[in-house]
Amino acid sequence: VNEEDQLLLRLRKDPQALAELLRQNYMFLYKYMLKVTMNRTLAEDLVQDTMVRAIEKIAAYQGTAKFSTWLIAIATRLYADSLRKRKRERHWQEQERAQALRSLRYEAGSRQADWPEALDALAGLDPGNRVPILLKYYYGYSQDEIADWLDIPAGTVKSRLHNGLKQLRKELKDNDEQSKSSI
Amino acid sequence: MTNKVNRPFNRDRSELEVEREHEHEHEAQFREMVGGPLEAMDDLFEPEVPQAAWFAELVIVQKKEIRRKMLRDLLLFWIVGCLALGLMTLLITQNVIVFLLLQLFAMAGAGVFIGRNEVRRVKREWTH
């Protein structure tokens, strides 16, 4: 029995075990949220909200899935809900997204790191396509899990995966052609 | 007679295999296009993980908050329950017709509420 299993066994009775599990998963959850939102502030807020929600709902955690998967499910639902609520503020959202992306690019530059075009292309996808793509192809979750977390039919997940990947391919191909023609 | 396409349990093995192959192919394409940059992004933006004490405090504070909310809801439930029961008792002893009308309104209200929620749920399933 590894350390995580021991913590899971003590989860409901011992608040320390829950605190330790949350601490162990903080980094993983933050990195997921950052890739999904492409926005540091929003990612931090959503991680904190996810932790609070996890504490509230811990009695519902059955232990059938990994604790990290359970957290990812909560975080994804929270993000999807926030997108739905803010649908009307789309224009403002776009500006905020562009600003957040600029600041990520700037931060990468200030650390002398590259900010590849592929990340810009990914950030350019609609969040409705980006989230399923990351969950499926980067994290390896199933279409049914993604459909459940985003509260959409599995067929919609499939079409979003298809559209997102197609758009990503097109965006990168266009960028490639542009850079070739400029040479 | 059955529509094979819409029933995954009726699909041919080869059909499922082809679909799985496509999935693998798409995953490989995605990894080739963005896999490396995403891993680099993970390394670049490492968050500052708060101290263990912060998490312990968060759990304690949230558990207290949950308990407080639960007690408040329970109290509210008892107050509303007592009020409703008192009103019903008063009505049934004073005016049976008004009592029955009130019951009818309550049932109709519940029906409308459930119906509206169901319509909203179905609509959301089809439009997302």
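Just so we're clear, the structure is a prediction, and the values are computed from it rather than from any experiment. Computed over heavy atoms, backbone and side chain alike; hydrogens, waters and symmetry mates excluded. In the text below, chain A, chain B and the rest are named by the order of the sequence lines, each starting its count at 1.
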Undergrad: Thinking salt bridges, do B:Glu27 and A:Lys136 make one under a 4.0 Å N-O criterion?
TA: no
Undergrad: Compare all side-chain heavy atoms of A:Glu107 with those of B:Phe45 and state whether any distance is below 4.5 angstrom.
TA: yes
Undergrad: So for atom CG, which belongs to B:Leu83, do other residues, nucleotides or ligands contribute more than 12 heavy atoms lying within a distance under 6.0 Å?
TA: yes
Undergrad: Give, as side chain, backbone, both or neither, the part of A:Leu104 having an atom under 4.5 angstrom from any heavy atom of chain B.
TA: both
Undergrad: Checking heavy atoms, do the side chain of A:Gln48, its backbone, both or neither come under 4.5 Å from chain B?
TA: side chain
Undergrad: Following the transitive rule for hydrophobic clusters with a side-chain heavy-atom cut-off under 4.5 Å over Ile, Leu, Val, Met, Phe, Trp and Tyr, establish whether B:Leu87 and B:Val98 coincide in one cluster.
TA: yes
Undergrad: Top residue by heavy-atom pair count (under 4.5 Å) with chain B, among A:Leu161, A:Leu119, A:Leu22?
TA: A:Leu119
Undergrad: More than 12 heavy atoms of other residues, nucleotides or ligands under 6.0 Å from CZ of A:Arg77: is that the case?
TA: yes
Undergrad: Can you say whether A:Leu172 sits under 4.5 Å from chain B via the side chain, the backbone, both, or neither, judging by heavy atoms?
TA: side chain
Undergrad: Less than 4.5 Å apart, any side-chain heavy atom of B:Met41 and any of A:Met38?
TA: yes
Undergrad: Give me the ring orientation class for A:Tyr137 and B:Phe30: parallel if the planes are under 30° apart, tilted from 30 to 60°, perpendicular past 60°.
TA: tilted
Undergrad: Surrounding OH of A:Tyr106 (heavy atoms of other residues, nucleotides or ligands, distance under 6.0 Å), is the total greater than 12?
TA: no
Undergrad: So for A:Pro116, is it side chain, backbone, both, or neither that comes closer than 4.5 Å to the heavy atoms of chain B?
TA: side chain
Undergrad: Starting from B:Leu74 and following side-chain heavy-atom contacts under 4.5 Å between hydrophobic residues (I, L, V, M, F, W, Y), which residues can be reached?
TA: B:Phe77, B:Trp78
Undergrad: Given that the side chain runs from C-beta out, which part of A:Leu122 has a heavy atom under 4.5 Å from chain B: side chain, backbone, both or neither?
TA: side chain
Undergrad: Report whether B:Met88 and B:Leu100 are members of the same hydrophobic cluster (ILVMFWY, side-chain heavy atoms less than 4.5 Å apart, transitive linking).
TA: yes
Undergrad: CD1 of A:Ile58 to CD of B:Gln62: how many Å apart, nearest 0.5 Å?
TA: 13.0 Å
Undergrad: Of the listed residues (B:Glu48, B:Glu46, B:Gln51), which shares the most heavy-atom pairs with chain A below a 4.5 Å separation?
TA: B:Glu46
Undergrad: What is the minimum heavy-atom distance between B:Pro37 and A:Ala118, and which atoms define it?
TA: CG-CB, 3.8 Å
Undergrad: When heavy-atom pairs shorter than 4.5 Å are enumerated against chain B, which of A:Ile133, A:Leu18, A:Val52, A:Asp114 gives the highest number?
TA: A:Val52
Undergrad: Using every non-hydrogen atom in the two residues, find where A:Tyr26 and B:Pro47 come nearest and quote the distance to one decimal.
TA: CE2-CB, 4.3 Å
Undergrad: When you compare the side chain of A:Leu134 with that of B:Leu38, does any pair of heavy atoms fall below 4.5 Å?
TA: yes
Undergrad: Side-chain heavy atoms under 4.5 angstrom apart, residues restricted to Ile, Leu, Val, Met, Phe, Trp, Tyr: same cluster for B:Val112 and B:Val119?
TA: no
Undergrad: If I measure from the heavy atoms of chain B, does A:Arg169 come under 4.5 Å with its side chain, its backbone, both, or neither?
TA: both
Undergrad: Between B:Glu65 and A:Glu56, is there a side-chain heavy-atom distance shorter than 4.5 Å?
TA: no
Undergrad: Partners of A:Tyr30 by ring pair (Phe, Tyr, Trp, His ring centres under 6.0 Å), sequence neighbours excluded?
TA: none
Undergrad: Which is it for B:Met33 and A:Leu168 under the side-chain contact (heavy atoms from CB on, under 4.5 Å) test, yes or no, and what are the steps along the way?
TA: CA-CA 8 Å; B:Met33 286 188 293; A:Leu168 203 59; 4.1 Å; yes
Undergrad: Any chain of hydrophobic side-chain contacts (each under 4.5 Å) joining B:Trp54 to A:Leu21?
TA: yes
Undergrad: Can you confirm whether A:Arg111 sits close enough to B:Leu44 that some side-chain heavy atom of one is under 4.5 Å from a side-chain heavy atom of the other?
TA: yes
Undergrad: So that I can tick it off, tell me whether A:Lys158 and B:Glu19 are bridged by a salt bridge, with the cut-off set at under 4.0 angstrom between side-chain N and carboxylate O.
TA: yes
Undergrad: What part of B:Glu57 gets closer than 4.5 Å to chain A, counting heavy atoms only: side chain, backbone, both or neither?
TA: neither
Undergrad: Do A:Leu34 and A:Phe28 belong to the same hydrophobic cluster, where Ile, Leu, Val, Met, Phe, Trp and Tyr are linked whenever their side-chain heavy atoms lie under 4.5 Å apart, directly or via other members?
TA: yes
Undergrad: Given 3.5 Å as the limit, does a donor-acceptor pair link the side chain of A:Arg23 with the main chain of B:Pro50, or not?
TA: no
Undergrad: Contact part of A:Tyr138 toward chain B, heavy-atom cut-off under 4.5 Å: side chain, backbone, both or neither?
TA: both
Undergrad: What do the steps show when you test A:Met51 against B:Val59 for side-chain contact (heavy atoms from CB on, under 4.5 Å), and what is the final call?
TA: CA-CA 9 Å; A:Met51 301 258 150; B:Val59 172; over 6 Å; no
